[in-house]
Amino acid sequence: MGLRKPSPAMVIACIALFVALGGVGYAAFNLPAASVRSRHIVNGQVKRVDLAPGLLPAGRFNAGGEAGGAVCNPDVLGISDETCAFIKMNLPRPARVLLVVSGSWHEQGTLDGSVLGRCALYADSPALWSASYGQKTQTFVPNGGGMPYNGTVSETFVTDVLPAGKHDFRVDCSENEADITYVIGLSAVRLSAS
């Protein structure tokens, strides 16, 4: 029995296979550095593991480097602020950074109007934003059902253009009495410089 002649469909399929394999080989070994552009990438196909370190933010971290919602309990009497959330980011080029603070405060004290907590957002060293929480604020409303008292912590902020290099972003909180605790999260996203 002799060999059968391949059908035209089989010939075309084999040619397509060789062209496809040859194209991948060419791309893998012959593309110049930094030649892949956004138009070459299918949306949703590039993952964090495909990128060099420092191109994306480190993610969400709380004080001590624990992911998630660790309770932050500052020193009493505002002796010192405690860092309740932080992110270290390495910017490969000048850029703005979107910072999102979210979380909650919780107070166990008596309703005598004396409790005051404060949180501030820092980019490297200057404070970008601060807010007060607890009974000693104009927006405080007792929950009517007794203790505990609680509320949310929330802020969105875009920095000025920051230079390339390493930057520290953090949320520090304090209290004037040993009654307030915080659960604070911080997220950072690199934006363009314009």
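Numbering starts at 1 and runs along the sequence shown. This is a predicted model, so every value here is computed, not measured.
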Approximate separation, where rounding is to 0.5 Å, of [X] [atom1] and [Y] [atom2]:
X    : Y    : atom1 : atom2 : answer
C84  : L186 : SG    : CG    : 11.0 Å
C72  : E175 : SG    : CD    : 9.0 Å
T152 : W105 : OG1   : CH2   : 9.5 Å
F169 : L162 : CZ    : CG    : 5.5 Å
R190 : L98  : CZ    : CG    : 13.0 Å
R4   : M10  : CZ    : CE    : 9.5 Å

Inset, instruction - Report the C-alpha separation of V153 and S104 in whole Å, then their side-chain angles, then the decisive distance to 0.1 Å, and conclude whether the side-chain contact (heavy atoms from CB on, under 4.5 Å) test is met. - result: CA-CA 5 Å; V153 176; S104 61; 5.7 Å; no
Inset, instruction - State yes or no: do F157 and V161 share one hydrophobic cluster built from I, L, V, M, F, W and Y residues joined by side-chain heavy-atom distances below 4.5 Å, directly or via other members? - result: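 Looking at the clustering, V161 is in a separate group from F157.
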Inset, instruction - Looking only at non-hydrogen atoms, find the nearest pair between I87 and A188 and report the distance. - result: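 Smallest heavy-atom distance, with atoms named: CD1-N, 3.6 Å.
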Inset, instruction - Return the minimal non-hydrogen interatomic distance between P74 and I180, and the atom names on each side. - result: CD-O, 3.9 Å
Inset, instruction - Determine yes or no for a side-chain-to-main-chain donor-acceptor pair under 3.5 angstrom, with T159 supplying the side chain and R96 the backbone. - result: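 Answer holds: no.
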Inset, instruction - Please check if the side chain of Y133 supplies one atom and the backbone of E107 the other of a donor-acceptor pair under 3.5 Å. - result: no
Inset, instruction - Begin from the C-alpha positions of D172 and E82 and carry the test side-chain contact (heavy atoms from CB on, under 4.5 Å) through to its verdict. - result: CA-CA 5 Å; D172 289 356; E82 180 166 333; over 6 Å; no
Legend entry - Member of L128, T156, V171 meeting the side chain to side chain contact (heavy atoms under 4.5 Å, CB included) criterion with V101: V171
Inset, instruction - Taking the side chain as every heavy atom from C-beta outward, state whether L191 and V158 have any atom pair closer than 4.5 Å. - result: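 SC-SC contact between L191 and V158 confirmed.
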Inset, instruction - Measure the shortest side-chain to side-chain distance between V100 and V189 over non-hydrogen atoms and say whether it is less than 4.5 angstrom. - result: no
Would you list the atom pairs, donor with acceptor, under 3.5 Å between side chains in residues 115-125 and any protein atom, with sequence neighbours excluded?
from	atom 1	to	atom 2	distance (Å)
R118	NH2	D81	OD2	2.9
D124	OD1	D168	N	2.9
D124	OD2	H167	ND1	2.7

